[in-house]
2 protein chains.
Amino acid sequence: MTLSLRERRRQQTAHDIQLATLDLAVQKGLENVTTEEIAAAAGISTRTFFNYYTNKEAAAVGAPPAFTEAAKEALRDGSGPLADDLKLFLDQHVAALTKDEPILKMIGTVLRSNEKARGILQGFLIMERRELTECLSHRVQNPQAAAALASNTTDAVGRAIVLWEHEENLSLSAALDVVWEGTIAAAALLTSTS
Amino acid sequence: MTLSLRERRRQQTAHDIQLATLDLAVQKGLENVTTEEIAAAAGISTRTFFNYYTNKEAAAVGAPPAFTEAAKEALRDGSGPLADDLKLFLDQHVAALTKDEPILKMIGTVLRSNEKARGILQGFLIMERRELTECLSHRVQNPQAAAALASNTTDAVGRAIVLWEHEENLSLSAALDVVWEGTIAAAALLTSTS
DNA sequence: CGCAGATATTGCACTATACGCAAGGATTTC
DNA sequence: GAAATCCTTGCGTATAGTGCAATATCTGCG
């Protein structure tokens, strides 16, 4: 668990760069920020910036928290109603996101106006969906159903974040509750035959 | 309906550029293609390339077919089971995509390895989802449910394309059938309480 | 037709991005 | 504390992308 000095410094620098990037991006829009400025603000050389991130959009997005092994196992081996187990899984993931709310808000700002940043985030989301699909295929026979559930689930996180950004006075986990209710309602509508 | 000569030429050039881009991208990977090469292949200057597309990724993705007004109205005012109306809507949209299967395949190849292209496509998809959400909110009271349904629906197109790319001997519309069945199965799993 | 206004194409110049390479500094390992 | 490893940095270079201004082409109207 204890990281070496090198590792810790690396993570620290990566984090510093992300903060510097988001800070400048929120002020002037990421398009109008140069890598040179970011590097200066983070106290490193331009060349070093590119040793950490391939571009400023990746620096803004950073590395989103991964699913924990524990949460994945609980989902794979769970025995409750699927909807409940998925909700528990999501609650854990959203709790991890909540650790860094200010950063999350800033990333949201950037994503709204930057295509490249959206693409990078989507790369992470695709990997998350793959992980989830794999988990779910232990409980669901139909692989397309597993994929659909995984999409539903990761989409719910995205919609919860959007809702949370719009509504002041709504915590992220409360937003997830609202969104999840909508997801279940949508499922009911899809299965009803009238 | 009839476009002026100018309009037609513009569309033709835009299309030529897209084809040149995809052609080169499939051969060597879009990363290894320069805008100079693309411009040369399309018979225009580099400067003109940037008058049509802001970057090579946008040139590769092009402009996906929009939902038709007719299809949207049918969905808004439909009276059948929601799942059936959505499926009809998707069938129409997929039929439009099928018009250009070779291009679709090439775009798929690019998307698999290019983050920026994915981001651009996602920009279009976000707009489509907004349109769909708007339509659906005429039939569904809960706005979160409408959003969830819209996500489900556009995601289904994406999954159908992925399936179609993987399985030879499966038409795009057949792939959509399989994927949609999975979507309905997933909805059933989400609503069942055991 | 033929001209005026609008729109497209292009070259040129310039800034920003991104990476390879090599030198030098710091950290780890033994 | 010496050797191996990793990190930072500067320099050089190829490519991306945009503003500007000149030239070419198209459209509508008299």
Side-chain angles (χ1 to χ4, degrees), chain A residues 1-18 20-22 24-25 27-63 110 113-120 123, chain B residues 1-18 20-22 24-25 27-63 110 113-120 123:
Chain A
M1 201 60 217
T2 313
L3 298 171
S4 71
L5 174 61
R6 235 180 221 165
E7 301 272 339
R8 267 179 294 135
R9 294 239 287 197
R10 213 181 154 75
Q11 299 218 355
Q12 183 61 48
T13 305
H15 198 245
D16 291 348
I17 296 173
Q18 186 186 18
T21 306
L22 288 171
L24 289 164
Q27 283 174 43
K28 345 195 301 185
L30 188 51
E31 306 310 315
N32 308 313
V33 177
T34 65
T35 54
E36 227 169 334
E37 284 179 278
I38 297 170
I44 53 169
S45 75
T46 319
R47 192 61 190 81
T48 300
F49 171 87
F50 286 107
N51 286 344
Y52 279 86
Y53 297 103
T54 58
N55 50 57
K56 57 188 177 183
E57 286 79 13
V61 172
V110 170
S113 69
N114 191 298
E115 283 173 344
K116 201 168 170 183
R118 281 201 295 268
I120 289 166
Chain B
M1 198 61 214
T2 312
L3 298 170
S4 71
L5 175 61
R6 236 180 220 167
E7 299 274 337
R8 270 179 291 136
R9 296 241 287 194
R10 210 179 157 76
Q11 300 219 353
Q12 182 61 47
T13 306
H15 198 245
D16 289 350
I17 296 173
Q18 186 185 20
T21 306
L22 287 170
L24 289 164
Q27 283 173 44
K28 344 192 309 188
L30 188 53
E31 305 311 313
N32 307 314
V33 178
T34 65
T35 54
E36 226 169 336
E37 284 179 278
I38 296 171
I44 54 168
S45 76
T46 321
R47 194 63 191 76
T48 300
F49 172 87
F50 287 107
N51 286 344
Y52 279 86
Y53 297 103
T54 57
N55 49 58
K56 58 188 177 185
E57 286 80 12
V61 171
V110 170
S113 69
N114 191 297
E115 282 172 345
K116 200 167 171 185
R118 280 201 296 268
I120 289 165

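Just so we're on the same page: letters track the sequence lines, and every chain starts at 1. Since the structure is predicted, the reported quantities are computational estimates derived from the model, not experimental observations.
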Report yes if some heavy atom in the side chain of [X] is under 4.5 Å from a heavy atom in the side chain of [Y]; otherwise report no.
X	Y	value
B/I38	B/I17	yes
A/Y52	A/Q18	no
B/E36	B/F49	no
B/N55	B/I120	yes
B/V61	B/E57	no

inquiry  = Under a 3.5 Å distance rule, please check whether A/T48 uses its side chain to pair with a backbone N or O of A/I44 as donor and acceptor.
reply    = no
N/O donor-acceptor pair under 3.5 Å between A/Y53 side chain and A/A14 backbone: yes
For [X] and [N], is the shortest distance between a side-chain N/O and OP1 or OP2 below 4.0 Å?
X	N	answer
A/R6	C/dA26	no
A/R9	C/dT27	yes
B/K116	C/dA18	no

So, with a heavy-atom separation below 4.0 Å from DNA chain C, the residues of residues 34-44 of chain B are B/I44
Roughly, in whole Å, what's the span from [atom1] in [X] to [atom2] in [N]?
X	N	atom1	atom2	value
A/N114	C/dT17	CG	P	12 Å
B/E7	C/dA6	CD	P	16 Å
B/E115	C/dA18	CD	P	11 Å
B/Q12	C/dT7	CD	P	21 Å
A/N32	C/dT15	CG	C1'	14 Å

Partner of A/L30 under side chain to side chain contact (heavy atoms under 4.5 Å, CB included), picked from A/L22, A/L24, A/N114, is A/N114
Short N-O contact, B/E37 and B/K28, less than 4.0 angstrom: yes
Ordered by number, residues from residues 46-60 of chain A within less than 4.0 Å of DNA chain D (heavy atoms) are A/R47, A/T48, A/N51, A/Y52
Decide yes or no, distance alone: a donor-acceptor N/O pair under 3.5 angstrom between the base of C/dT7 and the side-chain of B/R10. no
